[in-house]
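Remarks on the structure that follows.
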Amino acid sequence: PELTKGHSYEECKGTADWLLAQTDVRPTIGIVCGSGLGGLADMLKDQVAFNYKDIPNFPQSTVHGHAGRLVFGTLKGRPCVCMQGRFHLYEGYTIQKITFPMRIFKLLGVETVILTNAAGGLNEDLKVGDVMIIKDHINIPGYGGFNPLVGPNDDRFGLRFPCMSDAYDRELRQLAMNVAQELGYEDFMKEGVYCVLGGPSFETIAECRMLFRLGADAVGMSTAPEVIVARHCGMRVFALSLITNQAVMDYDSQEKANHEEVLQTGKQRAEQLERLVSTMVTRIEHN
Ligand code: 6GU
C-alpha cells in the first residue's frame with residue numbers, strides 16, 4: 001500500500017547535522033514562537049540564524065506574523081534554539097511536515113520544548129490578554145486521521161503507541177506558576193485545556209459552544225501536533241496560550257474573530273511573555 005510518511009530518520013539526521021555543522025550552540029531547550037510572539041527569538045544572544053528556506057527539508061512559513069527563521073543562541077546564558085514562526089495544517093502542509101522540526105530539535109540535543117501560541121478563549125474565566133498554561137489538549141484533527149504519528153513507526157524516535165496522559169510536564173507547569181508569581185503576573189496567569197482545529201476559518205458559534213462543553217478552555221490552530229511528536233521522542237513539554245480574543249459563544253454578540261486582533265494582543269503582552277519564558281529557561285535543569 002501507499003503509506004503516509006514523513007521524513008525518514010536519516011533525512012532528519014541529515015538536517016540536524018547540517019545545522020550542527022554551522023553553529024557551536026548545543027541547545028538543550030527548544031522554543032516555538034506563536035503568532036505575534038516571535039520577539040522571544042530576538043532575545044537570543046550570539047545568534048546564528050537560518051531562514052527556513054535555506055535549511056534542507058524544512059518547510060517555509062506563509063503566514064503574516066510568522067517570520068520563518070530558526071535561531072540558535074543563548075537566552076540568559078542557556079543554549080537555546082528558537083523557531084520564529086511555525087507551520088500549520090491550514091497552510092496545506094502534511095501533518096508530518098508541520099511537526100518535522102520537533103524531530104530536528106530532538107536530534108540537535110534538545111531535552112525540553114517550550115511552545116507558545118495565540119488562542120481564542122472559550123471559558124469565560126479567560127480574558128483577552130490572559131496567559132493560559134496548557135495542562136492538556138484535545139486534538140480534533142487527530143480524529144480525522146491527521147495525527148502526526150500516522151504511518152510507519154521508527155522505534156529510534158519512540159513507541160508505536162505513546163502515552164499522552166502526561167504530555168504537559170507537571171513540574172514545568174508549577175515552575176511557570178512560581179515564576180509568574182515572582183514577576184507579579186499571577187492576575188493574568190491561568191491554566192486550562194487547549195483544543196486544536198485545522199482552521200483557517202475561525203469557529204462558528206455552535207462549534208465554540210460544543211468545544212467548551214467538551215472540556216476545552218481555549219481554541220487554536222497549532223501546538224498539539226508538535227506536542228505529540230515531541231512527547232513521542234521523549235522531550236519534556238511546556239506550552240502556553242496567549243488569549244488574544246474571546247470566542248463568540250452567543251447569538252446576540254456582534255463580536256467577530258479576526259487575525260489583526262490576534263496580532264495586536266500579542267504585541268501588548270509580548271514583553272511579559274518573554275520575561276516569563278526567559279526566567280523559566282534559567283531554572284530548567286537537565287541531567
Ligand atoms: Cl477564536 N480560534 C482559533 N481556532 N484560533 C485562534 C483564535 C480562535 N484566536 C486566536 N487563534
Side-chain angles (χ1 to χ4, degrees), residues 32-40 61-67 83-93 95 98-99 114-144 146-148 168 188-228 239-270 272-273:
V32 181
C33 303
S35 297
L37 301 171
L40 203 49
S61 302
T62 64
V63 202
H64 174 55
H66 284 269
M83 285 181 71
Q84 200 169 28
R86 63 141 63 80
F87 310 107
H88 309 81
L89 261 184
Y90 63 74
E91 291 172 86
Y93 299 114
I95 192 77
I98 289 162
T99 55
I114 299 175
L115 303 106
T116 67
N117 65 49
L122 296 166
N123 188 324
E124 283 192 353
D125 296 342
L126 294 170
K127 308 293 180 212
V128 170
D130 278 355
V131 175
M132 185 185 86
I133 295 169
I134 301 179
K135 72 169 178 206
D136 203 348
H137 73 224
I138 298 175
N139 176 28
I140 303 263
Y143 307 151
F146 293 102
N147 183 302
Y168 298 86
F188 62 85
M189 291 296 293
K190 311 273 168 74
E191 193 170 70
V193 174
Y194 175 83
C195 179
V196 58
L197 297 180
S201 50
F202 288 112
E203 302 68 40
T204 64
I205 294 170
E207 286 167 338
C208 290
R209 293 163 79 127
M210 174 190 80
L211 296 174
F212 179 63
R213 290 169 108 171
L214 289 178
D217 296 301
V219 59
M221 305 175 193
S222 68
T223 307
E226 291 138 302
V227 170
I228 291 169
L240 56 77
S241 292
L242 173 62
I243 304 302
T244 53
N245 55 290
Q246 280 176 304
V248 179
M249 303 288 276
D250 102 60
Y251 288 98
D252 295 327
S253 170
Q254 301 296 312
E255 292 293 320
K256 288 172 140 192
N258 68 84
H259 190 54
E260 283 316 310
E261 183 182 25
V262 170
L263 295 181
Q264 203 51 43
T265 307
K267 266 192 204 138
Q268 288 164 13
R269 266 294 179 241
Q272 286 160 310
L273 266 176

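For ligands, and for the atoms within them, numbers begin at 1 and follow the listed sequence.
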Is the CD atom of Glu255 crowded by more than 12 outside heavy atoms at less than 6.0 Å? no
Tell me, which protein residue and heavy-atom name are nearest atom 4 (N) of ligand 1, and how many Å apart are they? Glu203 OE2, 2.5 Å
Among His137, His88, Arg86, which residue satisfies the side-chain hydrogen bond (donor to acceptor under 3.5 Å, both in side chains) criterion with Thr223? Arg86
Can you check whether Gly38's main-chain N or O pairs, donor with acceptor, with Gln84's side chain at less than 3.5 Å? yes
Numbered atoms and elements of ligand 1 in range of Gly220, under 4.0 angstrom, heavy atoms: 3 (C), 4 (N), 5 (N)
For Ala119, which part has a heavy atom under 4.0 Å from ligand 1: side chain, backbone, both, or neither? backbone
Which atoms from ligand 1 have a heavy atom of Asn245 less than 4.0 Å away? 1 (Cl), 7 (C), 9 (N), 10 (C)
Number the atoms of ligand 1 from 1 as they appear, then name those within less than 4.0 Å of a heavy atom of Gly120, with their elements. 1 (Cl), 6 (C), 7 (C), 8 (C), 9 (N), 10 (C)
Looking only at distances, please establish whether an N/O atom of ligand 1 is found under 3.5 Å from an N/O atom of Phe202. no
Of all the atoms in ligand 1, which lie at a distance below 4.0 Å from a heavy atom belonging to Met221? 3 (C), 4 (N), 5 (N)
Go through ligand 1 atom by atom and flag the ones less than 4.0 Å from a non-hydrogen atom of Thr244. 9 (N), 10 (C)
Side-chain donor or acceptor of Thr116 paired with backbone N/O of Gly34 under 3.5 Å: yes
Is there side-chain contact between Met221 and Leu197, with heavy atoms separated by less than 4.5 Å? no
List ligand 1 atoms under 4.0 Å from Ala118, heavy atoms only on the residue side. 10 (C), 11 (N)
More than 12 non-hydrogen atoms from neighbouring residues, nucleotides or ligands closer than 6.0 Å to CZ on Phe202, yes or no? yes
Lys190 side chain vs Asp130 backbone, donor-acceptor pair below 3.5 Å: no
Protein heavy-atom partner closest to atom 6 (C) of ligand 1 - residue, atom, separation in Å: Val219 O, 3.7 Å
